[in-house]
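As the structure is a prediction and not an experimental result, all values here were calculated from the model. Numbers restart at 1 for each chain; the letters A, B, ... are given by sequence-line order, proteins then strands.
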Protein chains: 2
Amino acid sequence: MAAPIEFFFDFASPYAYFAAHRIDAIGAKHGREVEWRPFMLGAAFKATGMMPLTEQPLRGDYAKHDWNRLARRMEIPFVLPERFPIVTLAAGRAYYWLAAADKPLARKFALRMFQAYFGQGRDITAPEAVAAEAAPLGIAAAELVAATGDGVWKAKLKEATDEALRRGAFGSPFTFVDGEPFWGNDRLDMVDDWLSAGGW
Amino acid sequence: MAAPIEFFFDFASPYAYFAAHRIDAIGAKHGREVEWRPFMLGAAFKATGMMPLTEQPLRGDYAKHDWNRLARRMEIPFVLPERFPIVTLAAGRAYYWLAAADKPLARKFALRMFQAYFGQGRDITAPEAVAAEAAPLGIAAAELVAATGDGVWKAKLKEATDEALRRGAFGSPFTFVDGEPFWGNDRLDMVDDWLSAGGW
């Protein structure tokens, strides 16, 4: 069994939102599991000195144009949330809490977080907000909120962030295929080609 | 006749080197001319606060890995020149001087500059170095060197740079199709799709 594709992302990353809608299909096409690994992009930005795209002259305007263009092309909704970017500690910790018991449920949760934030523009910073978005999946709100304050899941998210940085993941999404790094939603076609060709 | 595709680039940009090997074929596929427009990426970096990729933590290592990977995939040579990046005023001015009289020759010259710098790692900063690389195309060295000091071609390169910035081109390559902006070598497939679909 081939190793899973590792998909590192931050829930507050628009390009990860788009990639999240494609990565599983690419994995399935090549008989690969996809391991979703939320991490804290802010830590990477500290390491590289980057700022959120929307705060960068020229690049911010292009990014906004590009996100709307990608949404039209993929025929999925996109709104730039009023509060952007946000710190996604709660969603990240909740993800690892869910994934430890039920990976498919954690995946559904992750997509739901993305769709709430970038599809609908609803703030998912607070644990209670994350819990409210997760409720329709049958996830108990009080348990989720408790998990976001639990040292186990705090540590798990921090470990993922440390590992991402150690492995050079300076942006989101950041995908590894058998250790080979691919930065960005832009590179998913290349990930697909790489898997077809077995590298080059 | 449809408007030409506008291809803004800096001769010291590795991603422009790769794109330069593809952009004309994309134009030809869609019956579009491609207008090559060198500009000074350093001016864009000043406006956005960016630094050359190789000077950025984490991003620099990824970029180097990525350039070699792209070269393998496209089966073209690539070396990171010992002196990188460089200021490409001489090549840019010489380009506009040539293009005013003979666009196909200017195109050949541009590809030759890219191949000297990124294919062979030869420094093309000095006007004399540019002239030496251009000589096999039958371009007179003394005339080329004189052109790089001529106010007309200085102004032409500066105008292209100002226009690029005014239109939001913060990176290289930066391609416009009927005004629609596409940043990066990564986006050439999207340029191709956009031309096929007529936008979306």
Side-chain angles (χ1 to χ4, degrees), chain A residues 8 15 18 41 43-51 53 55-76 164-172 174-177 179-194 196-200, chain B residues 8 15 18 41 43-51 53 55-76 164-172 174-177 179-194 196-200:
Chain A
F8 284 90
Y15 287 113
F18 294 111
L41 184 58
F45 280 4
K46 261 182 210 154
T48 56
M50 286 298 281
M51 288 193 310
L53 276 167
E55 295 170 24
Q56 296 181 37
L58 300 182
R59 298 165 70 95
D61 289 338
Y62 178 81
K64 287 176 207 168
H65 180 83
D66 193 40
W67 295 331
N68 284 296
R69 176 169 64 184
L70 280 166
R72 293 197 306 274
R73 188 188 198 190
M74 295 177 67
E75 299 181 338
I76 58 177
L165 280 190
R166 203 166 56 240
R167 294 170 68 188
F170 53 81
S172 167
F174 212 100
T175 306
F176 290 96
V177 178
E180 183 72 19
F182 297 90
W183 170 40
N185 175 63
D186 269 348
R187 288 301 180 88
L188 291 191
D189 288 338
M190 188 184 269
V191 167
D192 188 6
D193 292 346
W194 180 275
S196 295
W200 55 77
Chain B
F8 284 90
Y15 286 113
F18 294 111
L41 184 57
F45 281 3
K46 262 182 211 155
T48 57
M50 284 299 280
M51 287 192 311
L53 275 167
E55 294 170 24
Q56 297 181 34
L58 300 181
R59 297 165 70 95
D61 289 338
Y62 177 81
K64 287 176 207 168
H65 179 84
D66 192 40
W67 296 330
N68 284 296
R69 177 169 64 186
L70 281 166
R72 293 197 306 274
R73 188 187 199 190
M74 294 176 68
E75 300 183 335
I76 59 176
L165 280 189
R166 202 166 56 240
R167 294 171 66 188
F170 53 82
S172 166
F174 212 100
T175 306
F176 291 95
V177 178
E180 183 72 17
F182 298 91
W183 169 41
N185 175 62
D186 270 348
R187 289 303 179 86
L188 291 192
D189 288 338
M190 189 184 267
V191 167
D192 188 6
D193 292 347
W194 181 274
S196 295
W200 55 77

Checking B:Arg59 against A:Trp183 for the side-chain contact (heavy atoms from CB on, under 4.5 Å) test, could you report, in this order, the C-alpha distance in whole Å, the side-chain angles of both residues, the deciding distance, and whether it holds? CA-CA 10 Å; B:Arg59 297 165 70 95; A:Trp183 170 40; 3.8 Å; yes
Starting from the C-alpha separation in whole Å, work towards a yes-or-no answer on side-chain contact (heavy atoms from CB on, under 4.5 Å) for B:Leu70 and A:Met190. CA-CA 10 Å; B:Leu70 281 166; A:Met190 188 184 269; 3.6 Å; yes
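Heavy-atom pairs under 4.5 Å with chain A peak, among B:His65, B:Glu180, B:Met51, B:Arg69, at B:Arg69. Ranked by heavy-atom pairs under 4.5 Å with chain B, the first of A:Arg72, A:Gln56, A:Arg187 is A:Arg187. In terms of non-hydrogen atom pairs under 4.5 Å with chain A, the most contact-rich of B:Asp193, B:Asp61, B:Asp189 is B:Asp193.
Distance check, rounded to the nearest 0.5 Å: CG of B:Leu58 to CZ of A:Phe45 gives 12.0 Å.
Within the 4.5 angstrom heavy-atom criterion, only side-chain atoms of B:Met50, from C-beta onward, approach chain A.
Under the 6.0 Å cut-off for aromatic ring centres, A:Phe174 and B:Tyr62 qualify, their centroids lying closer than that.
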